**Student:** 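The structure that follows is given in the form of structure tokens.
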Protein chains: 2
Amino acid sequence: MNKTIADLNKYLADKGLKITRQREAVAQVFFDTDGHISAEELYVKVSRSYPGVGLTTVYRTLKLLKEAGLAKERRFAEDSQGVFEKEDTARHHDHLICTRCGKIVEFKEPLIEKLQEEAAHRHGFSVEDHKMELYGLCNSCRTA
Amino acid sequence: MNKTIADLNKYLADKGLKITRQREAVAQVFFDTDGHISAEELYVKVSRSYPGVGLTTVYRTLKLLKEAGLAKERRFAEDSQGVFEKEDTARHHDHLICTRCGKIVEFKEPLIEKLQEEAAHRHGFSVEDHKMELYGLCNSCRTA
DNA sequence: CCGATGATTGAAATTGATTATCATGTTCTC
DNA sequence: GAGAACATGATAATCAATTTCAATCATCGG
Ligand SMILES: [Mn+2]
Ligand SMILES: [Mn+2]
Ligand SMILES: [Zn+2]
Ligand SMILES: [Zn+2]
């Protein structure tokens, strides 16, 4: 079951926050987007269907989506702006990034995650979240 | 054998760049520092022993140290400024970060690194570098 | 439905880290 | 020691992201 505007609305209601036209517009476009998108890009995309929504509100709504556990912000090396993607704990993944062409591949490695947990425990830590990015050359860039 | 100013000087000579009082001052203080330090912090520290070195030059020298493979820049979540630490490929490590008190523990997990390589190859990537950070609660913060 | 209350909005200003400019000073080679 | 190239540092510029603030809106109780 994919997350939708309803989930954001529930979060807002629980927090005593308000459901607005703008928040619904941003959330709608966000949930309809796959992959990684920056606040600016989302702003442009939202503006097409719902003109008049400010960039500030896009930033603010993305922050709410993060707080609600519905979005995850990523900050890849050499990229100056952060990008967002739908959060779905069950579908957690990490990234392979080509340092030449920028191609990003998502992957999942349960064994690594398990070893991360173990390593953390060995140092007295409990893990809430983690970030793992592998930088290198993709197939096409390596043979080119 | 720890890296020193001599290594930076060699890099500079090879590149036809110049060895200056300021670069030596920044490098000296940098190599004398353990752990993670921001450009601002390094600037303050350098200023004590070698007044008159500008912040701009600290940034520029840190960039040279990175290019020379003598420093590594880290950018931990929620920290707006980057921090630098001595680079030593042989001593590569990753980080455990307490989200409550900010404590950082360095660790090394060769098995994970090996699995990272394998996962990357499975997707046609060759790995040049990677970033792995585990966020959670340290011992004291968890029991508090 | 109405009005009060507090939250939200968006334009504009601000922040904060980092980088670019540029006039002046320094290094290194011959 | 002269000269060409490079480096420095004060200042300005960038740029994503946040803050401000007056105007607008959503929600709740009556
Ligand atoms: Mn992703
Ligand atoms: Mn470290
Ligand atoms: Zn590539
Ligand atoms: Zn802690």
Side-chain angles (χ1 to χ4, degrees), chain A residues 5-6 8-30 36-47 49-68 71-84, chain B residues 5-6 8-30 36-44 46-47 50-68 71-84:
Chain A
I5 292 183
L8 175 60
N9 288 348
K10 180 170 187 319
Y11 174 81
L12 295 173
D14 288 354
K15 290 273 181 178
L17 301 175
K18 293 170 180 170
I19 295 165
T20 67
R21 192 162 48 265
Q22 292 92 332
R23 284 174 178 168
E24 296 202 297
V26 174
Q28 182 61 65
V29 177
F30 175 72
H36 309 125
I37 190 168
S38 70
E40 290 272 0
E41 289 164 345
L42 183 54
Y43 167 65
V44 170
K45 225 172 153 191
V46 168
S47 298
S49 324
Y50 309 89
V53 174
L55 174 58
T56 308
T57 295
V58 172
Y59 272 105
R60 285 191 283 229
T61 304
L62 282 168
K63 179 179 285 189
L64 288 170
L65 285 164
K66 277 199 294 182
E67 289 167 11
K72 189 153 180 84
E73 183 170 7
R74 307 278 188 181
R75 202 164 281 276
F76 299 122
E78 91 252 1
D79 262 356
S80 53
Q81 32 181 329
V83 293
F84 301 79
Chain B
I5 293 182
L8 175 61
N9 287 349
K10 179 169 188 321
Y11 174 82
L12 294 174
D14 289 354
K15 290 274 179 178
L17 302 176
K18 293 172 179 169
I19 294 164
T20 68
R21 194 161 44 266
Q22 292 92 332
R23 283 173 178 170
E24 296 201 297
V26 174
Q28 181 62 63
V29 176
F30 174 72
H36 310 124
I37 190 168
S38 70
E40 289 273 1
E41 289 165 345
L42 184 55
Y43 167 66
V44 169
V46 167
S47 298
Y50 309 87
V53 174
L55 174 58
T56 308
T57 295
V58 172
Y59 271 105
R60 285 191 284 230
T61 304
L62 282 168
K63 179 180 286 187
L64 287 170
L65 285 164
K66 277 198 295 181
E67 288 167 12
K72 188 155 181 84
E73 182 171 6
R74 306 278 187 180
R75 202 164 282 275
F76 299 122
E78 91 253 358
D79 263 356
S80 53
Q81 29 180 322
V83 292
F84 300 81

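Note on naming: letters A, B, ... go to the chains in the order of the sequence lines (proteins, then strands), and numbering restarts at 1 for each one. Please read these numbers as outputs of a predicted model, since none were measured by experiment. All heavy atoms count here, side chains included; hydrogens, waters and symmetry mates do not.
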**Student:** Table please: side-chain donor-acceptor pairs of residues 36-46 of chain A below 3.5 Å, with sequence neighbours left out.
**Tutor:**
{"unit_1": "A:H36", "atom_1": "NE2", "unit_2": "A:E85", "atom_2": "OE1", "d": "3.2"}
{"unit_1": "A:H36", "atom_1": "NE2", "unit_2": "A:H95", "atom_2": "NE2", "d": "3.1"}
{"unit_1": "A:H36", "atom_1": "NE2", "unit_2": "A:E106", "atom_2": "OE2", "d": "3.2"}
{"unit_1": "A:S38", "atom_1": "OG", "unit_2": "A:E41", "atom_2": "N", "d": "3.1"}
{"unit_1": "A:S38", "atom_1": "OG", "unit_2": "A:E41", "atom_2": "OE1", "d": "3.3"}
{"unit_1": "A:E41", "atom_1": "OE1", "unit_2": "A:S38", "atom_2": "N", "d": "2.8"}
{"unit_1": "A:K45", "atom_1": "NZ", "unit_2": "A:T33", "atom_2": "OG1", "d": "2.7"}

**Student:** For A:I19 and B:R21, take the nucleotide of DNA chain D holding the closest heavy atom to each; which residue's nucleotide lies nearer the 5' end?
**Tutor:**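 Between the two, 5'-proximity favours B:R21.
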**Student:** Which is the 5'-most and which the 3'-most nucleotide of DNA chain C that has an atom under 4.0 Å from a heavy atom of chain B?
**Tutor:**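 Terminal contacting nucleotides, 5' to 3': C:dA17 to C:dC28.
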**Student:** Supply the atom-to-atom distance B:L62 CG to B:K72 NZ, rounded to the nearest 0.5 angstrom.
**Tutor:**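 If we round to the nearest 0.5 Å, B:L62:CG and B:K72:NZ are 14.5 Å apart.
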**Student:** Please identify each residue that fulfils side chain to side chain donor-acceptor pair (under 3.5 Å) with B:Y11, with sequence neighbours left out.
**Tutor:**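 B:Y11: side chain to side chain donor-acceptor pair (under 3.5 Å) contacts with B:E67.
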**Student:** If you assign B:R75 and B:K18 each to the DNA chain C nucleotide with the nearest heavy atom, which residue ends up on the more 5' nucleotide?
**Tutor:**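 The 5'-side residue here is B:R75.
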**Student:** Show your reasoning for whether side-chain contact (heavy atoms from CB on, under 4.5 Å) applies to A:L65 and A:F84.
**Tutor:** CA-CA 10 Å; A:L65 285 164; A:F84 301 79; over 6 Å; no
**Student:** Could you list the donor-acceptor pairs under 3.5 angstrom formed by side chains in residues 12-20 of chain B, with sequence neighbours left out?
**Tutor:**
{"unit_1": "B:D14", "atom_1": "OD2", "unit_2": "B:K10", "atom_2": "NZ", "d": "3.0"}
{"unit_1": "B:T20", "atom_1": "OG1", "unit_2": "B:R23", "atom_2": "N", "d": "3.1"}

**Student:** About how many Å separate OG1 of A:T61 and CD of A:E24, when rounded to the nearest 0.5 Å?
**Tutor:**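 Nearest 0.5 Å value for the CD-OG1 distance: 10.5 Å.
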**Student:** Only counting residues at least two apart or in another chain, list the ones meeting side chain to side chain donor-acceptor pair (under 3.5 Å) with B:K66.
**Tutor:**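 For B:K66, the residues satisfying side chain to side chain donor-acceptor pair (under 3.5 Å) (neighbours in sequence not counted) are B:E73.
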**Student:** Looking at residues 37-46 of chain A, who's got a heavy atom less than 4.0 Å off DNA chain D?
**Tutor:**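 DNA chain D contact set from residues 37-46 of chain A: none.
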**Student:** Walking along DNA chain D from 5' to 3', note the first and the last nucleotide with an atom under 4.0 Å from a heavy atom of chain B, and give both.
**Tutor:**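 Footprint of chain B along DNA chain D, 5' to 3': D:dA5 to D:dT11.
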**Student:** More 5' along DNA chain C: A:T20 or B:T20, using each one's nearest nucleotide?
**Tutor:**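 The 5'-side residue here is A:T20.
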**Student:** What distance separates B:Q22 CD from B:Y50 OH, expressed to the nearest 0.5 Å?
**Tutor:**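 Going from the CD atom of B:Q22 to the OH atom of B:Y50 covers 12.0 Å.
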**Student:** Where the side chain of A:T57 meets the backbone of A:V53, is there a donor-acceptor pair that is under 3.5 Å apart?
**Tutor:**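 Answer holds: no.
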**Student:** With a 4.0 Å heavy-atom cut-off, tell me which residues in residues 51-60 of chain B come close to DNA chain C, sorted by residue number.
**Tutor:**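 By residue number: B:T56, B:Y59, B:R60.
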**Student:** Quantify the bending of the helix from C:dC1-D:dG30 to C:dC30-D:dG1 as the angle between its end axes, each fitted on five pairs, to 10°.
**Tutor:**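 End-to-end axis angle: 30°.
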